[in-house]
Number of protein chains: 2
Amino acid sequence: MTAVSCTPTIGRPRAFDMDAALEKALEVFWRKGYDGTSLTDLTEAMGINKPSLYAAFGNKEQLFLKAIELYESRPCAFFIPALEKPTAYQVAEHLLYGAAMNMADKNNPQGCVIIQGALSCSEAAAAVKEALMNRRVDGEHKLRQRFEQAKQAGDLPEHVDAEVLARYLGTVLQGMAIQANNGASADQLRQVAEMTLLAFPRAG
Amino acid sequence: MTAVSCTPTIGRPRAFDMDAALEKALEVFWRKGYDGTSLTDLTEAMGINKPSLYAAFGNKEQLFLKAIELYESRPCAFFIPALEKPTAYQVAEHLLYGAAMNMADKNNPQGCVIIQGALSCSEAAAAVKEALMNRRVDGEHKLRQRFEQAKQAGDLPEHVDAEVLARYLGTVLQGMAIQANNGASADQLRQVAEMTLLAFPRAG
DNA sequence: AGGGTTATATACCTGATAGTACATTTGTAA
DNA sequence: TTACAAATGTACTATCAGGTATATAACCCT
């Protein structure tokens, strides 16, 4: 059994950078949503033709899902790293300030593609909508687990309901995405983050 | 100059109820968004043919805008009535509980059409997106004015920044729309409302 | 140099899209 | 009863959607 190389050397080599093309696709989906994005939008942004797109990424839906994966694994993604902060308060802090910085970043479309990519959509986009929903729910679940762990560690008071706290924080973060989409600046979002943190339950 | 009657009696009478048809159109736009809704979706839901739709409502965009107007003037709309409550705290209370009840109401599509109708969209929907953005911003502005008035009335502490408080509350409300879209129940949203109110600045 | 293999560009396919022309129906007013 | 006005149903248009067939171009290995 021979090793399978990741970039097969047989045949004509691909003339474009898949990662760069995927970044471009992500940007278009992020700005226009799944339903609002046409294949022409995509091929123009990616600088390739339709057959290349289909050969490399499958179809529109699979391309979207791959773009979302890229989105979550980018260097500026802040969700998972925030969960690793030592205390519940610091987790919330990093989530809120990370959201403020990233969602209003002028180098990207405003808001969050996980939220606005297919919030309400055609039947053709149902699978995509569900994939996004699952990610949002999953993120909130991870947050809840982190807060439960914090209670056990003693840096979150016993009386706090981890599930409700996670849902509340998720709600604020999701609201910040809408604010950013509305044109709110990073500073304005930081003010919302501060006000949220003022009421955040702390140890002791 | 003779009076112009609202329902002209000349010519063949309209065979459908415009208000009922508009309700149906609203429901489709609400569920599928502007880009995700086709004229076929609309005519099927409204029970009329395309020429009737165009004669009565102009075109897809104008129909959407009229549906939004209906949405804001429905009996269950809670935003404007909430602003008239006597204190800032009660305003927030009614907004939050009104959102919890309405956005998760199983008799309607989940969430809020002002938020999810055209959050990210094609260029063809740009005007619609802007109309929705303006309404969101306008709502927040009204809320800010209400809180400024509350400060003068003395039921909100002097140190509170009305603009930031309005933006924070708007963020939570918008986040609740995403939560509802995600399938959160009215009870779950009420928990978020309660947690938000716990931290709400009160007089004295 | 030639065969195998993969990517590319062009051109195409089928079905759906928003919007409309037209002939017909249904009502009011004279 | 006839003239007029507006709404209706059918059928249509032009364009665009997502997706593909095919011929050609570029590369590796032998």
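Numbers restart at 1 for each chain; the letters A, B, ... are given by sequence-line order, proteins then strands.
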Nearest whole Å is fine: how far is [N] [atom2] from [X] [atom1]?
X	N	atom1	atom2	result
R14(B)	dG9(D)	CZ	P	13 Å
E44(A)	dA9(C)	CD	C1'	16 Å
L39(A)	dC13(C)	CG	P	19 Å
D41(A)	dC16(D)	CG	C1'	11 Å
M46(A)	dT8(C)	CE	P	11 Å
Y54(A)	dA9(C)	OH	P	16 Å
L53(A)	dT8(C)	CG	C1'	13 Å
K32(A)	dC16(D)	NZ	C1'	13 Å

Open item on the list: Using a 6.0 Å cut-off, check whether atom NZ of K24(A) has over 12 heavy atoms from anything other than its own residue.
Closed with: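 No, not enclosed.
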Task: Enclosure of Q145(B) CD (heavy-atom neighbours >12, cutoff 6.0 Å) - done: yes
Phosphate oxygens OP1/OP2 of [N]: is one of them under 4.0 Å from a side-chain N or O of [X]?
X	N	value
T40(A)	dA17(D)	yes
T9(A)	dC28(D)	no
S52(B)	dA7(D)	no
N49(A)	dT8(C)	no

Classify [X] by what it touches in the nucleic acid, base, sugar-phosphate, or nothing, heavy-atom distance under 4.0 Å.
X	answer
P13(B)	sugar-phosphate
A15(B)	sugar-phosphate
T37(B)	sugar-phosphate

Open item on the list: Both P51(A) and G47(B) contact DNA chain D. Which one's nearest nucleotide lies toward the 5' end?
Closed with: G47(B)
- [ ] Name the closest nucleotide to the K50(A) side chain, picking from dC29(D), dG9(D), dG19(D).
- [x] dG19(D)
- [ ] Identify, between R12(B) and Y34(B), the residue whose nearest nucleotide on DNA chain C lies closer to the 5' end.
- [x]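 Going by which nucleotide is closer to the 5' end, it is Y34(B).
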- [ ] Using distance alone, with no hydrogens and no angle criterion, decide if Q191(B) and R167(A) have a side-chain donor and acceptor under 3.5 Å apart.
- [x] yes
Open item on the list: Can you classify the ring geometry of Y71(B) versus W30(B) as parallel (below 30°), tilted (30 to 60°) or perpendicular (above 60°)?
Closed with: perpendicular
TODO: Give, for atom CD of E72(A) and atom CD1 of I114(A), the distance between the pair rounded to the nearest 0.5 Å.
DONE: 4.0 Å
